[in-house]
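Below: one structure, written as C-alpha cells.
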Amino acid sequence: MPYDFQAIESKWQRKWTETRCFEAKPDPSKEKFFCLEMFPYPSGALHMGHIRNYSMGDMLARFLRKKGRNVLYTMGFDSFGMPAENAAIKYRTKPHDWTLNNIDYMTKQLKRMGYSYDWNREAITCLPEYYRWNQWIFLQMYRKGLVFRKEAPVNWCDTCGTVLANEQVEDGRCWRCHNPVSKKNLKQWFIKITDYAQELLDNIEKDLQGWPKRVRIMQTNWLGRSEGADLTFRVPELDCGIEVYTTRFDTVFGVTFIALAPEHELVRRMMEHMPQDEAEAMGDFVRKAAAQSSIERSDAGAEKLGFKTPFSGINPVTGKPVPIWLANYILTDYGTGAIMGVPAGDQRDFEFCRKYGIPVVPVVQPKDGTVLDGDTMTEAFTEHGIVANSGRFDGMTTEEAIPAMIEWGEENGYCKRTVTFRLRDWLISRQRYWGTPIPFVHCPQCGDVPVPEDQLPVRLPEDVTVKEVGHSPLLDLPDWLATTCPRCGGPAKREADTMDTFFCSSWYFDRYCSPGDAERPFERADVDYWMPVDQYIGGIEHACLHLIYARFFTKFLADIGLIRVREPFTNLLTQGMVIKDGAKMSKSLGNVVDPTEIVNRFGADTVRLFILFAAPPQNDLDWSEKGVEGSSRFLGRVWRCVEENLATLKAHRGRIVPMGELDEDALRDFKRKIHTTIRDVTCDIETEKQFNTAIARLMELTNSLTALKETGETADSLRAEAVEALLHCLSPFCPHIAEELWEMLGHQEVISTAPWPEADPAALVRDVATIVVQVNGKVRARLERPAGLSREELERSVVSDPAVQEKLAGKAVLKVIAVPDRLVNIVVKG
Ligand code: ANZ
Ligand code: ZN
C-alpha cells in the first residue's frame, strides 16, 4: 500500500471536522493556551509567507493540545482596505464580492493545509457583525475624550482631483497620472494614543520580556521619549513669544539663531509685517519645504535649507537677540515646531550655520584639553565635556551642568521641564470607501454629532460601483449621505470617511474569544479566561504600527472595564521571510511558488515539514524544490517503516520493556535514543522554539529504527515503542500521515488529542561513565565503564585493565582512590 497523501489528507481533514476535536471552550479547570497568528488580508490567495506563519502556529497549537493545554486557535480575515477598490475597477466587480470570494478561496487553501483552527470562531472584519463593534469602540473612545478632529495634510493630486494614500505616491508623483503630488489640508479624525505613550513605554521592559529584543527596541524608538525643557524667546517686533523645545538646556548660552518649521503658526503673522516682495519669497520657501516629506526633511544627510526672516528673538537667559530663521529640517509636529539653534553642539545646526554664515559659539569644550574655536571647528561637538562661555557654570562637566542648569532655569523662570514623545496621535480617517464608516453625522446646527449606539452599525453600502481610484463611491450616494441629526432631528450629512484598517486589527483576538456575540464586542468572562495571547506569530513588518495600536486598544479596553489584562501578547515570534533565488518571494519579482500547486504535488504534510525544517523560525528560509523532495522522501520512509512491519508492530504495541530489563547494549542504546528524542524534541519546541532541530531529531530516530538489526520479542517491543513516540512527535508537524499510521496501528482515538509522550527518566541516564585514570595525579587514560559501579568494583575493573597494567609495569601500587563514575587515582612507587 503506497503513501497516498491525497486520500489520507482529505480523510483526516473530514474526520477532524466531524469529531469537532479542535473546538475550544473555556474550562477553568484546565490551563489555557491562546495561539494567535497575524490574520491575512484576503488578497486572493495564500502565499508562502502565510504558509510559513500558519504552519508554525498550527504546530504549536497541536503540540500544546497534546500537552494537555486548553488551546484557543482560530483564524479570520483582515478584509477592509484599498486593494479591494482597485480590484473592483480592474475586474468590474464590487469590493464586497471580490473580498468574500477571496475569503472563500483562501479558507479552502487553509483547510487543505490541515490547520487545526476552530472555525466557529472566525472573525471577518468587513462584515457588519464585526465592524459595528469598531464603531462602538470608536464611540467609547470619543466619550473618553480620545477622539478629536483637526486639519492635517493629505497627499493630493490636482489632476485627478483625489486624495492619495502614501503607497499611491511614487517619487513625489501620482502613480496614475505622474503629475507632482501636493499637500492639502483636510479635517481629519485622530485618536489620542499619545495619552498612553508613557505606559506603552514602561510596559516594554516590564511585560514584554517574551518579545524579541529587536522589536522591543523598535517600539522604544518609535515611542521616542525624550526629557528636556521648553523655553520662550520674546519677539518684541511682533509682541509675541516663540516657545522652543530642547533636550540640551545646558547649551542655552551657545544659541546663535532660532529656527521655525515652515508650517509654524507665526509664519503668517511675520508675512503680514514684511514688505510684499520679501513676504512672497518667504511664501515660496514655505511651499517648497512643505512639499518635502518629513522623512526627507529629517534625514541627517539631507540638504539643510533656510530662509532668514527680518525678526529676532531675545534669549531669556542672556537677554541678547538672535535672528529668526525658517528651516526645512525643523519638523512641525515634534516638540513645539521651533528650536534654539546651537551649532557648536548639534550637527544639523552646525551644517545650517556654516551654509548660511551664522556664528558658532562653543559652550562645551572637550575634556582632553583641546580648545575648540567657533571659526575653525569642522563639526559639532556632541559629547560630554567642560562647560565654557556660560557664566557661572563655566568649568563644570556637562554631566553636572545638565541637571544643575535646568534646576536653575526653572527657579528663575527661564524654562520648564517637559517630556516629549516622538509618537504622534493616530490619524484614523481615510477618504475611501472600503472601510468601517466613522459613526458621525455633520449637522449644520449641532456640528459633529455621534451616531447613537442603538443605531449601529452604520452600514457600508455593498452594492456600489467603484469608478475611480481614490474617489469614494459613498460621495455619489446622496441617499446614503443624507440623514437626520440625532440631536435636533434636522437634516444632516453622514461622515463619508472610513477608518484606517489598523483599527480592525487592534482587537480581533478579543473577538475570537466571543465569536458572534450580538450584544457586545466580546464577553468579559471569555476574554478574562483566554487573554492574554500566549503566543503571537507574525512578520517583523508589524513591529511598530499594528503591535502598538493593539497594545493601546488593550489598555483602553481595560480602562473602560471590558477586559482585565493591559498587555495583549505575552510572547511574540517574528518569522523570517521566504526567499527564492536570492530575493524575497514576491509577485513583482515573479519568483513566487504557488502553495496550491506545490501542495497538490507533494501533499500538505510534506510542505509543512519542509517549511519548518528548512530554517529556524526567525531566519529567512531559502525555498528549494530539492528540500521539498527530501521532506517527501522522509515521509515515505516513515510510511514504509510502519506499513511494512505492521503486523509485528501491532502485536507488540503497548508492551513497554523497562530499561532495567534490557541487557544488550544495542537495545539499551536504542531505548535511550527513543527517550532522549522525546526529551529533546519537547525542549526544542517548547523552550527553544527551534522547530527545525526537533525535526532533525525525528529523522535521526527514524534512522536508528531502520538500522536496528536485533530480532526477538524485546526488540520488536522496542520498535513499536519507537514508532509510537515517533508518530506522537511528528503529529504536530505532519498531522495527516501521523493520524493514518496511528490508526493503522489499531488506535481508536485520534493522535491529535492523545497525550504527548513523556521521556522515561530511567532511559535517559547514560549508562556508561567515562573514568579518568590518574597515576600519581597525572592523567594516564580514560576508560568507559558501566555507570553505577561501586568503589570496589570500579577499582578492581580499572586496575586490571590491560591499558592501565601497561602504565603500572614494574611499579608497586601503594594506594588506589576511586570515585564512582568519575575517577581512579593510583598512587605508585618506583
Ligand atoms: C538645542 C540643542 C543643543 C539641541 C544641542 C540638541 C543639541 P530628541 O532628542 O530627538 O528629542 N528639536 C526640537 N524640536 C525639533 C523639531 N521640531 N524639529 C527638529 N529638531 C527639533 O531631539 C531634541 C532636540 O532636537 C532638541 O534639542 C532640538 O535641538 C531639536 F547641543 O536644542 B536641541
Ligand atoms: Zn443637529
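Read the numbers this way: they start at 1 and go in the same order the structure lists the ligands and their atoms. Residues take their numbers from the sequence shown, with the count starting at 1.
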Residue selection (non-hydrogen contact nearest atom 6 (C) of ligand 1) among V252, V255, D346: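 Residue with the shortest heavy-atom distance to the ligand atom: D346.
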Shortest reach to atom 1 (C) of ligand 1 by a heavy atom, considering only V244, T382, T246: T246
Note, V387 side chain near T398 side chain (heavy atom, < 4.5 Å): yes
Within-4.5 Å side-chain heavy-atom neighbours: I330 and H264: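 No. Closest side-chain heavy atoms not under 4.5 Å.
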Checking the N or O distance criterion of under 3.5 Å, is ligand 1 in contact with [X]?
X: T247; value: yes
X: L331; value: yes
X: Y334; value: yes

Check: Y41/T501 side-chain N/O donor and acceptor closer than 3.5 Å: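 Note: Y41 and T501 side chains miss the donor-acceptor criterion.
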Within a distance under 4.0 Å of any heavy atom of [X], pick out the atoms of ligand 1 and give their elements.
X: R422; answer: 8 (P), 10 (O)
X: M340; answer: 1 (C), 32 (O)
X: I330; answer: 16 (C), 17 (N), 18 (N), 19 (C)

Y356 side chain vs G306 backbone, donor-acceptor pair below 3.5 Å: yes
V342 and ligand 1 - part of the residue with a heavy-atom distance under 4.0 Å: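 Contact part for V342 vs ligand 1: side chain (C-beta onward).
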Carboxylate-amine/guanidinium proximity below 4.0 Å for K144 and D559: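 Salt bridge flag = no for D559 with K144.
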